[in-house]
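Note that these values count all heavy atoms, side chains included, but never hydrogens, waters or copies made by symmetry.
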Amino acid sequence: MASTTSRLPCDTECTADINDSKADGIILVANDFSQLAGDLLFLKEPLEQQSQIDSAVCKEVVLLPLGTHSAKRLVYAPTGPLNRDYDDVRRFGDAAGVGIKRAIRAGMKKPMLICVPHEAFPEAKLACLLGAFQSLYVPLEIREDVPSRATKIDQLLVWSANKEEGDNLVKQASGIEGGRLVARDIGGSDPERMAAPKVAEYVYRLFKGTPVKFNIISDDSVLTKEYPLFSAVNRCAKLVDRHQGRVIHLEYVGDGDIETTLMIVGKGVTYDTGGADVKAGGHMAGMHRDKCGAAAVAGFFHTLNCLKPKNIKVVGTMAMVRNSIGVESYVADELIASRAGKRIRIGNTDAEGRMAMADCLCQMKEKAQGEVNPHLFTIATLTGHAVRAMGPNYSIILDNGPARKEGHAQSVQKSGDVIGDPFEISNIRREDYEFHTGKSEYEDVLQSNNAPSTMTARGHQSPSAFLIMASGLDSHGIDSDQPIKYSHIDIAGSSGPFPGVPTGSPISALAAKYILGL
């Protein structure tokens, strides 16, 4: 059985030898093969010859023989045009992904990946390697249950003329991909394999004996007292031992004086039936992916552990809970007091993600006042409206007043664009606060209306206001003596297709900004 502690899809190493005898094929990612020179000049002639009989050479992936070269065969994966308004660095990752798939079909076991850089995209090689890794991922259940399919190739060689630069590239990409693999394992595995207790076991094995500290809360009396909104969602699920909720705390402290503290809460709904407001009409399939926010938190901590950035502290919480339906389901109309003392009127039990995170966010708010330069986050596959508004493939970030004052969302978007993990920016408006303000003297905050987010105006923006109000962060805006920066990231679109493999977003973008400084 393949080890579940392996954090890369295959052995990966840099080589500066273009004739490395270990390679049984070459995958070339480039914009224009006519510009090949130096060590790569030998690849130009076979591509020119092929282009004379196949006009698709510059448009789609092709396989051709390499004559006397020890690798014997070449997969050319063109990026396509890179000079249009809408072209971005993802062209390199996309090309590497289809190139890897073609190499596998050709029977390659130890391909050499070569990326020709482009002046417009300084991180093209990093995006290229991450794209290759995405296509090489093998789901956790397959690695565990079908050992013969645990890896797709034996080794990936990454060519770089400069060995030191190549080693650094592989180190960075391996750290990011290790985190994305963790996120895919947790986020993509089925609702039984990654029920909350099993997520806790995975996290325990992942971080035991590492600099990442962790604390797993399973005691229901503690959960009920400290996280009452989370516990409302957990009320039905906890009747089944294997579905009982967990709150998992993580902490990383880098060397040197701390300059920034990130405090991240992830939504970890292991399965979302909708609860009493059940997802009917076939809308339940795929809801095991509702834990991708918490999965991203775990993955980001693994990336931190791999790359060990200095001068940064990161605190994380994974709110792992199943939104089950049964005799103990919480229901619409209930009034529940949050950790912050806000009276919450339940409007829709299918808005469970904000319930799972709000008290954890409140706890972060309490801790933040003793931290250096704190910035709070929530990460969640929170709304279908995010996909309706921005389409798939894009995370959405929303800043509160203190974060917006620093241009935080724009800086995250810039980092994401550089590495190929793109963001769109939305804003939290006064209408969002008005929408969630209690409608009677019974309640302070309305959790939700009773319509799907896709059918609700500002359906992905207003939940941010709820999280701010329910957690008490509304007392720490720009008008406060103690302003606290907060950003909400909705990854409903960027987390990946179903059916399909999760992406691990937004780990790459967060790593680019807070670890690599891109």
Ion pair check, E177 and R180, cut-off under 4.0 Å:
yes
Does N215 have any side-chain contact (heavy atoms from CB on, under 4.5 Å) partners at least two apart in sequence or in another chain, and if so, which?
I217, H249
Separation between OG1 (T383) and CG (D490), nearest 0.5 Å, reads 4.0 Å
Restricting to non-hydrogen atoms, name the atom on L223 and the atom on S218 that form the minimum distance, rounded to 0.1 Å.
CD1-O, 4.1 Å
Answer yes or no: does atom CE of M455 have more than 12 heavy-atom neighbours from other residues, nucleotides or ligands under 6.0 Å?
no
Test of understanding: with side-chain hydrogen bond (donor to acceptor under 3.5 Å, both in side chains), list the residues that count as partners of K101, not counting sequence neighbours.
none
Mind checking what makes side-chain hydrogen bond (donor to acceptor under 3.5 Å, both in side chains) contact with S395, not counting sequence neighbours?
S494
Listed partners of H302 passing ring pair (Phe, Tyr, Trp, His ring centres under 6.0 Å), at least two apart
none
Would you say the side chain of S464 lies within less than 4.5 Å of the side chain of D432, judging by non-hydrogen atoms?
no
Return yes if some donor-acceptor pair links the side-chain N/O of S480 with the main-chain N/O of S475 below 3.5 Å, else return no.
yes
Within residues 465-494 or reaching into it, pairs that qualify as ring-ring contact (aromatic ring centres under 6.0 Å, His included) - sequence neighbours excluded
H436-F466
Looking at L129 and A173, what are the two nearest heavy atoms and their distance?
CD2-CB, 3.4 Å
Filter on salt bridge (Lys or Arg N to Asp or Glu O under 4.0 Å), then keep only pairs touching residues 464-476, sequence neighbours left out; what's left?
K342-D474
Using the ring pair (Phe, Tyr, Trp, His ring centres under 6.0 Å) criterion, which residues pair with F214? Sequence neighbours excluded.
Y204
Taking atom CG of D257 and atom NZ of K310, what is their separation to the nearest 0.5 Å?
11.5 Å
Quick check for you: to the nearest 0.5 Å, what is the distance between F377 atom CZ and I397 atom CD1?
6.0 Å
Not counting sequence neighbours, list each pair that qualifies as a salt bridge (Lys or Arg N to Asp or Glu O under 4.0 Å) and has a residue in residues 360-371.
K313-E371, R339-E366
Whether the N323 and Y330 side chains hold a donor-acceptor pair (N or O, under 3.5 Å, no angle test) is what I'd like checked.
no
Could you check whether any side-chain N or O of N348 sits under 3.5 Å from a backbone N or O of D350, counting only pairs where one atom can act as donor and the other as acceptor?
yes
To the nearest 0.5 Å, atom CG of N373 lies from atom CG of L262 at 9.0 Å
Determine the minimum heavy-atom distance between G245 and A196, stating which atoms define it.
CA-CB, 4.0 Å
Looking only at side chains, do D359 and S338 share a donor and an acceptor under 3.5 Å apart?
no
Nearest 0.5 Å please: distance from the CG atom of N449 over to the OG atom of S462.
7.5 Å
Do F133 and I100 make a side-chain contact, defined as non-hydrogen atoms from C-beta onward lying under 4.5 Å apart?
no
Got a sec: does the CD of E441 have more than 12 other heavy atoms crowding it under 6.0 Å?
no
Between E328 (side chain) and C236 (backbone), is there a donor-acceptor pair under 3.5 Å?
no
Any side-chain hydrogen bond (donor to acceptor under 3.5 Å, both in side chains) involving residues 505-518? Give me the pairs, sequence neighbours left out, ordered by first then second residue.
H408-Y514, S411-K513, D421-S505, T503-S505
For a quick check under 3.5 Å, do T260 and H375 share a side-chain donor-acceptor pair by atom type?
no
Contact check, side chains of L130 and F92, non-hydrogen atoms, under 4.5 Å:
no
Among I325, T273, D272, find the residue that satisfies the side chain to side chain contact (heavy atoms under 4.5 Å, CB included) test when tested with K279.
D272
Any residue meeting salt bridge (charged side-chain N to carboxylate O under 4.0 Å, His left out) with K485, in chain and number order, not counting sequence neighbours:
E406
Any side-chain heavy-atom pair of D290 and E352 under 4.5 Å:
yes
Who passes side-chain hydrogen bond (donor to acceptor under 3.5 Å, both in side chains) against R430, sequence neighbours left out?
none
Test T456 against H385 for side-chain hydrogen bond (donor to acceptor under 3.5 Å, both in side chains), laying out the working first.
CA-CA 8 Å; T456 300; H385 192 276; over 6 Å; no
Residue pairs meeting ring-ring contact (aromatic ring centres under 6.0 Å, His included), one or both in residues 281-301, sequence neighbours left out, come to H288-F498
Output the distance between atom CG (L518) and atom CD (E123), rounded to the nearest 0.5 Å.
4.5 Å
Looking at side-chain heavy atoms only, is the closest gap between P197 and R246 below 4.5 Å?
yes
Mind telling me whether H118 and F121 have parallel, tilted or perpendicular rings, with 30° and 60° as the class edges?
tilted
Under a 3.5 Å cutoff, is there a donor and acceptor pairing between the side chains of E443 and S440?
yes
Any sub-3.5 Å donor-acceptor pair from E141's side-chain atoms to D190's backbone N or O?
yes
Other residues, nucleotides and ligands only: do more than 12 of their heavy atoms fall within 6.0 Å of CD1 on I478?
no
Mind running salt bridge (charged side-chain N to carboxylate O under 4.0 Å, His left out) on E192 and K198 for me, showing each step along the way?
CA-CA 8 Å; E192 291 297 330; K198 290 193 174 181; over 6 Å; no
Does E119 have more than 12 heavy atoms from other residues, nucleotides or ligands lying within 6.0 Å of its CD?
no
Is there a side-chain contact between L250 and V203, using heavy atoms and a 4.5 Å cut-off?
yes
Any carboxylate oxygen within less than 4.0 angstrom of a Lys/Arg side-chain nitrogen, looking at R84 and D87?
yes
Check whether any side-chain heavy atom of I176 sits under 4.5 Å from a side-chain heavy atom of L516, and report yes or no.
yes
Student check: side-chain heavy atoms of L307 and K171 closer than 4.5 Å:
yes
Heavy-atom nearest pair, T381 first then C292, reads CG2-CB, 3.8 Å
Between T270 and A195, is there a donor-acceptor pair closer than 3.5 Å when you use the side chain of the first and the backbone of the second?
no
